[in-house]
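Below is one structure, written out as structure tokens, with a few remarks after it.
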Amino acid sequence: MIHDLAVSVRAWVREARRIVLLSGAGMSAESGVPTFRDAQTGLWAQFRPEELATEQAFRARPGMVWDWYALRREMIDRVAPNAGHLAVAAFQRRHPGRLTVVTQNVDGLHQRAGSPDVLALHGNIADDRWLDAPRPCCLAQAPQPGQPPRCATCGNLRRPAVVWFGELLPAADLAAAEEAAARCDLMLVVGTSGVVYPAAGLARATRGRVAIVNPEPTELDDAADAVLAGTAAALLPQLLED
Ligand code: BV8
């Protein structure tokens, strides 16, 4: 049974010419990907994600941080997009160009569900890049295997191609996300605590209606026109069905 507020939001979806879906870790929770709020396990239990996802932490303990990413990668490889991801991709197939996915998630599950042109503001955990600007030696040979792999000549390290705290977001994707937020009639804010900026700022910058989907209160509830206390996989199929 879909309750009244969700009926209104579904009507907003129908009326909207342009929709932005801003997603966070909660979008992937029902796929089995722990959120940043969820307790860390094992060796990393003593750290907050914000402490591990930094250049400083990687330079100080490259093996430990690399292994944390390796663990997350393995877990993400084992899971699949959930009904929420699939409902978004299906809506985009039925209504090309009407919905833009802007995500903080590095798990690639929106992309695997079939969503086109996803603006992944914080990068993709599946990709690597050089820590320091590559020298000719780094490009002349395959990285030496290891945790992390490195240049056999200068020792330059490979790092996950994600945006760490204190690092700038990819300028083109951020600009496209700001443009989409400025032009949309409706922003669906799904599975984010609304703590990390500049991503959370998009929900405050938009002139469109803001509808939040989250089982818990968030830092953005004050900016919302509707707060739906539910999960991504349960509510998005209902909100996005024609
Ligand atoms: C930058 C990639 C320029 C790495 C990530 C303004 C104010 C305050 C601070 C700042 C500010 N501007 C900049 C900052 C600093 C910082 C920041 O925001 N800090 C926070 C902690 C206060 N921002 C930055 O550093 C950014 N860079 O600004 O550069 C600059 C540089 C220096 C100094 C100033 C400016 C870079 C930010 C990106 C960092 N990289 N990820 C990796 O993944 O390893 S952020 C990472 O954490 C995620 O990508 C995501 O963005 C964030 C986690 O947040 P959520 O996704 O919301 O997840 P969370 O676990 O918090 O919440 C889950 C939610 O889901 C909960 O609400 C829960 O109730 C809900 N939920 C659970 N189950 C479900 C559900 N919802 C629906 N369905 C369910 N089933």
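Indexing begins at 1, ligand by ligand and atom by atom, following the structure's order. Nothing fancy with the numbering, it's 1 onward along the sequence.
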Who's the nearest protein heavy-atom neighbour of atom 78 (N) of ligand 1, and how far? Ala232 N, 3.0 Å
Mark the output for Met27 as yes if a heavy-atom distance to ligand 1 is under 4.0 Å, and as no if none is. no
Taking only residues two or more places apart in sequence, or in another chain, which ones meet Trp12 in a side-chain hydrogen bond (donor to acceptor under 3.5 Å, both in side chains)? none
Just going by heavy-atom distances, which of Gly24, Ala29, Pro34, Ala234 is nearest to atom 73 (N) of ligand 1? Ala29
Hey, looking at atom 40 (N) of ligand 1, which of Leu228, Val196, Val163 has the closest heavy atom? Val163
Has Arg48 got its NZ or CZ under 6.0 Å from the middle of the six-membered ring of Trp68, at an angle within 45 degrees of the ring axis? no
for atom 11 (C) of ligand 1, nearest protein heavy atom and its distance come out as Tyr197 CB, 3.6 Å
If you measure from each non-hydrogen atom of Glu167 to ligand 1, which part falls under 4.0 Å: side chain, backbone, both or neither? backbone
Distance-only N or O hit between ligand 1 and Phe36, under 3.5 Å: yes
Starting from atom 64 (C) of ligand 1, locate the nearest protein heavy atom and write down its residue, its atom name and how far away it is, to 0.1 Å. Gly191 O, 3.5 Å
Less than 3.5 Å between some nitrogen or oxygen of Ala25 and one of ligand 1, yes or no? yes
Enumerate the atoms of ligand 1 whose separation from the nearest heavy atom of Tyr69 is less than 4.0 angstrom. 4 (C), 42 (C), 44 (O)
Looking at Gly194, Ala233, Gly166, Pro215, the heavy atom closest to atom 25 (O) of ligand 1 belongs to Gly166
If you measure every N or O of Asn105 against every N or O of ligand 1, does any of those distances drop under 3.5 Å? no
Side chains of Glu30 and Thr231, donor plus acceptor under 3.5 Å: yes
Any heavy atom of Val190 closer to ligand 1 than 4.0 angstrom? no
Less than 3.5 Å between some nitrogen or oxygen of Thr231 and one of ligand 1, yes or no? no
For Asp107, what residues pass the side-chain hydrogen bond (donor to acceptor under 3.5 Å, both in side chains) criterion, not counting sequence neighbours? Ser28
Is the NZ or CZ atom of Arg158 both under 6.0 Å from the centre of the six-membered ring of Trp66 and within 45° of that ring's axis? no
Decide whether an N or O pair under 3.5 Å exists between His122 and ligand 1. yes
